[in-house]
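Given the structure is predicted, the values throughout are model-derived calculations rather than measurements.
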Amino acid sequence: MSKKKLLINEVFEQARKESEKTTKSGLASYLHLCFIDNLKFYDISEKTFIRYYEDFVEGNSCRNIETERLNKMSQYIGYKDFTDFSRTFIRNDEKKNLTTVKISVDQDEEVISERLSKININIINEQHFKMPEFARQNSFGLLGILMLGGFLIGNYYCSSGNRNVHEPFSFLTLPAVEKNCMYWDQNEYKLADCNEENLVLNIVPKDDIQIKYFKRVTRKDTLTVENALGKMWYSKVRGKVEFFTMDGVDPENKKELKPATEYIIRKYSGKNEMIQAE
């Protein structure tokens with residue numbers, strides 16, 4: 001709700017309490033005379049108050065109101081001006097969640113101002129969640145919910161001595177599928193379920209050494225005799241050379257890999273690789 005709408009609502013609510021009138025015309029007439037008699041302010045007519053009531057109490061208008069009028073209406077309900085109202089106004093329903101913190105300052109330790117003796121801080125406690133109805137009715141409480149959750153989690157992990165402590169927990173989680181096979185994914189081996197039916201992937205038994213160390217070199221232009229000799233293996237098919245980080249078999253053509261010689265490295269990697277790519 002906008003501050004102007006809040007202000008207009010409070011003004012008419014105050015007039016209703018003071019005059020005991022209930023109609024908008026009766027309230028508008030009372031406010032018009034009250035502003036003249038008590039505030040010496042003649043600028044808001046009875047018809048204007050009626051329009052304010054229709055726009056801001058009955059409706060949700062965003063029309064502009066002159067600053068002087070806003071200030072006078074704020075003064076009517078006990079504020080210095082509209083700025084003061086906007087900064088400090090608290091609705092009655094918000095006061096239910098209001099906590100007042102009082103900080104007393106010892107006169108001997110007062111430094112900022114001799115006039116400063118007490119600081120009142122108003123804190124609005126907004127509730128961002130609601131306790132389930134059954135919990136409140138049965139005095140179960142948040143602590144009880146946390147205890148129940150801890151019990152269920154502890155029972156979950158203690159029910160099996162072979163359960164991995166790092167295994168994710170969920171009330172609906174199915175047992176994780178153990179992957180004891182692997183497949184070649186262009187540049188490296190990746191884990192797979194041995195029971196997976198995939199005609200495209202060539203699934204083979206898992207080899208932890210190959211999964212960790214067997215890779216295809218994707219940046220052959222970075223290879224040099226100094227950093228690759230004795231450390232690389234290669235496969236050559238139709239004049240195209242692929243380098244690998246470990247001895248073995250080319251997963252794509254099943255050919256035995258050969259150690260990369262100085263000649264092979266100089267001809268098919270480094271700057272020569274960039275020229276061939278062009």
Side chain of [X], backbone of [Y]: donor and acceptor closer than 3.5 Å?
X: K24; Y: I50; answer: no
X: S19; Y: Y30; answer: no
X: N71; Y: F82; answer: yes
X: K215; Y: Y189; answer: no
X: K231; Y: A260; answer: no
X: K190; Y: Y183; answer: no
X: K254; Y: P251; answer: yes
X: S74; Y: L70; answer: yes
X: D84; Y: F89; answer: no
X: D185; Y: E188; answer: no

Closest approach of [X] to [Y] (non-hydrogen atoms, all atoms of both residues):
X: Q210; Y: M182; answer: OE1-CE, 3.3 Å
X: I211; Y: L191; answer: CD1-CD2, 3.4 Å
X: S45; Y: H32; answer: CA-ND1, 3.7 Å
X: I8; Y: V57; answer: CG2-CG2, 4.0 Å
X: S25; Y: E46; answer: O-OE2, 3.9 Å
X: V241; Y: K236; answer: CG2-CG, 3.7 Å

Is the closest basic N to carboxylate O distance between [X] and [Y] below 4.0 Å?
X: R266; Y: E262; value: yes
X: E256; Y: K258; value: no
X: E66; Y: R69; value: yes

Verify whether one side chain among N253 and S235 offers a donor that lies under 3.5 Å from an acceptor in the other.
yes
Any chance the side chains of Y263 and K267 put a donor and an acceptor closer than 3.5 Å?
yes
Hey, could you give me the [atom1]/[atom2] distance between [X] and [Y], rounded to the nearest 0.5 Å?
X: R216; Y: E242; atom1: CZ; atom2: CD; answer: 4.5 Å
X: L27; Y: E13; atom1: CG; atom2: CD; answer: 9.5 Å
X: N227; Y: T222; atom1: CG; atom2: OG1; answer: 6.5 Å
X: M232; Y: I264; atom1: CE; atom2: CD1; answer: 14.5 Å
X: K17; Y: I77; atom1: NZ; atom2: CD1; answer: 10.5 Å
X: C181; Y: D207; atom1: SG; atom2: CG; answer: 11.5 Å

Is it the case that one hydrophobic cluster holds both [X] and [Y], taking links as side-chain heavy atoms less than 4.5 Å apart, direct or via other members?
X: F12; Y: L33; value: no
X: L39; Y: L31; value: yes
X: I209; Y: V204; value: yes
X: V237; Y: W184; value: no

Apply the test side chain to side chain donor-acceptor pair (under 3.5 Å) to residues E10 and Q14: give CA-CA distance (whole Å), side-chain angles for both, the deciding distance (0.1 Å), then the verdict.
CA-CA 6 Å; E10 290 301 310; Q14 181 68 21; over 6 Å; no
Report yes if some heavy atom in the side chain of T88 is under 4.5 Å from a heavy atom in the side chain of Y79; otherwise report no.
yes
Test: ring pair (Phe, Tyr, Trp, His ring centres under 6.0 Å). Region: residues 220-258. Which pairs qualify, not counting sequence neighbours?
F214-F244
Considering residues, nucleotides and ligands other than [X], do more than 12 of their heavy atoms fall under 6.0 Å from its [atom1]?
X: E18; atom1: CD; answer: yes
X: N64; atom1: CG; answer: no
X: E58; atom1: CD; answer: yes

Might you work through the side chain to side chain contact (heavy atoms under 4.5 Å, CB included) test for F85 and L6, ending with a clear yes or no?
CA-CA 10 Å; F85 170 83; L6 282 172; 4.1 Å; yes
For the residue pair F49 and F35, does the interplanar ring angle fall in the parallel (under 30°), tilted (30 to 60°) or perpendicular (over 60°) class?
perpendicular
From the list L7, V11, I65, side chain to side chain contact (heavy atoms under 4.5 Å, CB included) with F56 holds only for I65
